[in-house]
A.B. asks: 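Input: one structure, supplied below.
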Amino acid sequence: ALERDELQLLYQPKISLENNTIIGFEALLRWHNTDYGVVNPQVFIPMAEQTGMIKPIGLWVMKTACQQIKRFQEWTQSELSISINLSLIQLRDTSIVKNMAAILQETQIPPHLIEVEITESVAFQDEPFIMEQLQKIKELGISIAIDDFGTGYSSFSRLRTFPIDLIKIDSEFVRAISSNLHKDQAIIRSIIQLAKNLDLKVLAEGVETEEQLQFLKKEGCDFIQGFLFYAPLPAKSIEELLNYT
Ligand code: C2E
Ligand code: MG
Ligand code: MG
């Protein structure tokens, strides 16, 4: 896929609820295969991890996403951030910090505008090496987000000790807002409060309805992503979009 140039990154806008503006994008990987059509990351990333191909693929993702955000920044003359998903296998790779430093050097993007997303289950692994890697990434000035928050084994002690900047509330909880069940709403409200009390930013994923948006706004959620605003889009569409906003 890499050799045939079949990989593509889509970019999903992240919206600030303070003023409804785009603050940046999450890079989401797709594989366009001639036989299978568009293959989703949940299907081929586990295979790439088993075969070791995740290393060159992950490097391609980081480079492509950073070069692209640089173009978006030049285009709009504004600070736009880019979020990149990393899996456990990628974080175990000893060359990842060096690779990131090289990309920062090459693109000259202010490091705080790059964010790595690590799922809760990965971040809170009881693996000292992962913690070390995250700390080194953080030392480069890169931001760290906990993805799919609330679905795994959420550890309060690790929330305290990990160098985290942002919590991403899993779409499972966002969907539940519409259920009008007291418990579901209480959970999402508590996650937002938890983030605030820890001085972390909080983003809700998978926002699809106006009702969910209003609830999140009322509860003080900082950012959202979701089909209600934008689906993940190719770079070309983002450029058109940035022209109008
Ligand atoms: P994620 O990081 O939690 O990404 C959110 C997923 O929700 C994306 O699926 C996105 O397309 C989808 N989504 C966004 N807004 C909505 C919405 O309003 N409603 C619904 N129903 N879905 C929404 P996608 O693109 O299929 O990615 C799936 C997962 O694959 C990601 O979950 C991430 O963990 C992983 N992934 C994606 N790109 C990469 C990558 O470059 N590297 C690695 N290691 N993992 C990646
Ligand atoms: Mg993510
Ligand atoms: Mg997620």
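Values reported hereafter were calculated over all heavy atoms of this structure, with side chains retained and with hydrogens, waters and symmetry mates removed. Atoms within a ligand are numbered from 1 in the order they appear, just like the ligands themselves.
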A.B. asks: Considering only heavy atoms, does Asp148 approach ligand 1 within less than 4.0 Å through its side chain, its backbone, both, or neither?
C.D. replies: side chain
A.B. asks: Checking Lys70 side chain against Thr107 main chain: does a donor-acceptor pair fall under 3.5 Å?
C.D. replies: yes
A.B. asks: What N/O/S atom of Glu26 is the closest to the Mg ion (ligand 2)?
C.D. replies: OE2
A.B. asks: So for ligand 1, is Phe227 a polar contact partner (N or O within less than 3.5 Å, distance only)?
C.D. replies: yes
A.B. asks: With a heavy-atom distance limit of 4.0 Å, tell me whether Arg30 approaches ligand 1 through its side chain, its backbone, both, or neither.
C.D. replies: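 Just the side chain.
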A.B. asks: How close does the nearest protein non-hydrogen atom get to atom 1 (P) of ligand 1, and which residue and atom is it?
C.D. replies: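 Here the nearest protein heavy atom works out to Asp147 OD2, 3.7 Å.
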A.B. asks: Hey, which protein N/O/S atoms does the Mg ion (ligand 3) have under 2.8 Å?
C.D. replies: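 Protein N, O or S atoms closer than 2.8 Å to the Mg ion (ligand 3): Asp147 OD1, Asp148 OD1, Glu205 OE1.
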A.B. asks: Distance-only, no hydrogens or angles: does the Lys136 side chain make a donor-acceptor pair with backbone N or O of Ile96 under 3.5 Å?
C.D. replies: no
A.B. asks: For residues Ile192 and Glu219, report the shortest heavy-atom separation together with the two atoms involved.
C.D. replies: CG2-O, 3.3 Å
A.B. asks: Just wondering, are more than 12 heavy atoms of other shown residues or ligands nearer than 6.0 Å to CD in Glu18?
C.D. replies: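 No - once you tally the heavy atoms of other residues, nucleotides and ligands closer than 6.0 Å, there are 12 at most.
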A.B. asks: Between Leu242 and Phe223, is there shared hydrophobic-cluster membership here, with clusters defined by ILVMFWY side-chain heavy atoms closer than 4.5 Å?
C.D. replies: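 As far as the 4.5 Å side-chain criterion goes, Phe223 and Leu242 are not connected within one cluster.
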A.B. asks: Is a salt bridge present between Lys168 and Glu117, judged by a nitrogen-to-oxygen distance below 4.0 Å?
C.D. replies: yes
A.B. asks: Nearest protein heavy atom to atom 19 (N) of ligand 1: under 4.0 Å?
C.D. replies: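 Within 4.0 Å of atom 19 (N) of ligand 1, protein heavy atoms are found.
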A.B. asks: Which atom pair, heavy atoms only, marks the closest approach of Asp148 to Glu120?
C.D. replies: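 For Asp148 and Glu120, the tightest heavy-atom pair comes out as O-OE1, 3.9 Å.
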A.B. asks: Run the ring-ring contact (aromatic ring centres under 6.0 Å, His included) check on Phe72 and Phe25 step by step: do they pass?
C.D. replies: CA-CA 10 Å; Phe72 291 156; Phe25 307 91; 5.1 Å; yes
A.B. asks: Hey, does Pro232 sit under 4.0 Å from ligand 1 if you only count heavy atoms?
C.D. replies: yes
A.B. asks: Hey, is ligand 1 close enough to Leu29 that some N/O pair sits below 3.5 Å?
C.D. replies: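 Yes, there is a polar N/O contact under 3.5 Å.
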A.B. asks: In plain terms, say whether Lys138 and Asp165 are close enough for a salt bridge, that is, a side-chain N and a carboxylate O under 4.0 Å apart.
C.D. replies: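 Yes, charged N to carboxylate O under 4.0 Å.
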A.B. asks: What is the closest protein heavy atom to atom 36 (N) of ligand 1, and at what distance does it sit?
C.D. replies: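 I find the closest protein heavy atom is Pro41 CB, 3.8 Å.
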A.B. asks: Applying a strict 4.0 Å limit to heavy atoms, is Gln225 in contact with ligand 1?
C.D. replies: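 The answer is no, since Gln225 has no heavy atom less than 4.0 Å from ligand 1.
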A.B. asks: Under 4.0 Å from atom 32 (O) of ligand 1, do we find at least one protein heavy atom?
C.D. replies: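 Flag for atom 32 (O) of ligand 1 set to false, no protein heavy atom closer than 4.0 Å.
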A.B. asks: Give the atom numbers and elements of ligand 1 that come within less than 4.0 Å of a heavy atom of Gly226.
C.D. replies: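 Per the distance check, 15 (N), 18 (O).
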A.B. asks: With distance as the sole test, does Gln90 use its side chain to make a donor-acceptor pair with the main-chain N or O of Ser87 at under 3.5 Å?
C.D. replies: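 Here the side-chain-to-backbone pair exists.
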A.B. asks: Counting from 1, what ligand 1 atoms have a heavy atom of Gly206 closer than 4.0 Å?
C.D. replies: 16 (C), 17 (C), 18 (O)
A.B. asks: Which one of Glu208, Glu49, Arg175, Gln90 has a non-hydrogen atom at the shortest distance from atom 44 (N) of ligand 1?
C.D. replies: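 Among Glu208, Glu49, Arg175, Gln90, the closest heavy atom to atom 44 (N) of ligand 1 belongs to Gln90.
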A.B. asks: Between Ser237 (side chain) and Leu233 (backbone), is there a donor-acceptor pair under 3.5 Å?
C.D. replies: no
A.B. asks: Would a distance-only check, ignoring hydrogens and angles, find a side-chain to backbone donor-acceptor pair under 3.5 Å from Gln185 to Ile177?
C.D. replies: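 It does hold such a pair.
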A.B. asks: Determine whether Arg175 and Asp184 make a side-chain contact, defined as any pair of heavy atoms from C-beta on separated by less than 4.5 Å.
C.D. replies: no
A.B. asks: May I ask you to identify the nearest protein heavy atom to atom 5 (C) of ligand 1, giving residue, atom name and distance to one decimal place in Å?
C.D. replies: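 Here the nearest protein heavy atom works out to Glu205 OE2, 3.5 Å.
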A.B. asks: Under 4.0 Å from ligand 1, counting heavy atoms only, is it the side chain of Ile84, its backbone, both or neither?
C.D. replies: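 It is neither part, as no heavy atom is under 4.0 Å.
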A.B. asks: So do Cys221 and Leu203 actually touch side chain to side chain, heavy atoms under 4.5 Å?
C.D. replies: no
A.B. asks: With heavy atoms under 4.0 Å as the rule, classify the contact between Gln12 and ligand 1 as side chain, backbone, both or neither.
C.D. replies: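 For Gln12, only side-chain atoms sit under 4.0 Å from ligand 1.
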A.B. asks: In sequence, state the C-alpha distance, the side-chain angles, and the governing distance for Gln225 and Gln12, and then conclude on side chain to side chain donor-acceptor pair (under 3.5 Å).
C.D. replies: CA-CA 7 Å; Gln225 272 175 255; Gln12 184 175 38; 2.9 Å; yes
A.B. asks: Judged on heavy-atom distance to atom 45 (N) of ligand 1, which of Leu228, Thr209, Ile45 sits nearest?
C.D. replies: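 Of the listed residues, Ile45 has the closest heavy atom.
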A.B. asks: Does ligand 1 have a heavy atom under 4.0 Å from the side chain of Leu9, from its backbone, from both, or from neither?
C.D. replies: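 No part of Leu9 comes within reach of ligand 1.
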A.B. asks: Begin from the C-alpha positions of Glu115 and Ser143 and carry the test side chain to side chain donor-acceptor pair (under 3.5 Å) through to its verdict.
C.D. replies: CA-CA 4 Å; Glu115 180 171 74; Ser143 307; 4.9 Å; no
A.B. asks: Just to confirm my output: which protein heavy-atom neighbour is closest to atom 10 (C) of ligand 1, and how far is it?
C.D. replies: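 Here the nearest protein heavy atom works out to Leu28 CD1, 3.8 Å.
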A.B. asks: Above 12 or not: heavy atoms from other molecules or residues under 6.0 Å from NZ of Lys218?
C.D. replies: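 Yes.
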A.B. asks: Does any N or O atom in Thr119 lie less than 3.5 angstrom from one in ligand 1, N or O only?
C.D. replies: no
A.B. asks: Using a 4.0 Å heavy-atom cut-off, say whether Asn85 meets ligand 1 through its side chain, its backbone, both or neither.
C.D. replies: both
A.B. asks: Out of all atoms in ligand 1, which are within 4.0 Å of some heavy atom of Val61? Include the element for each.
C.D. replies: 41 (O)
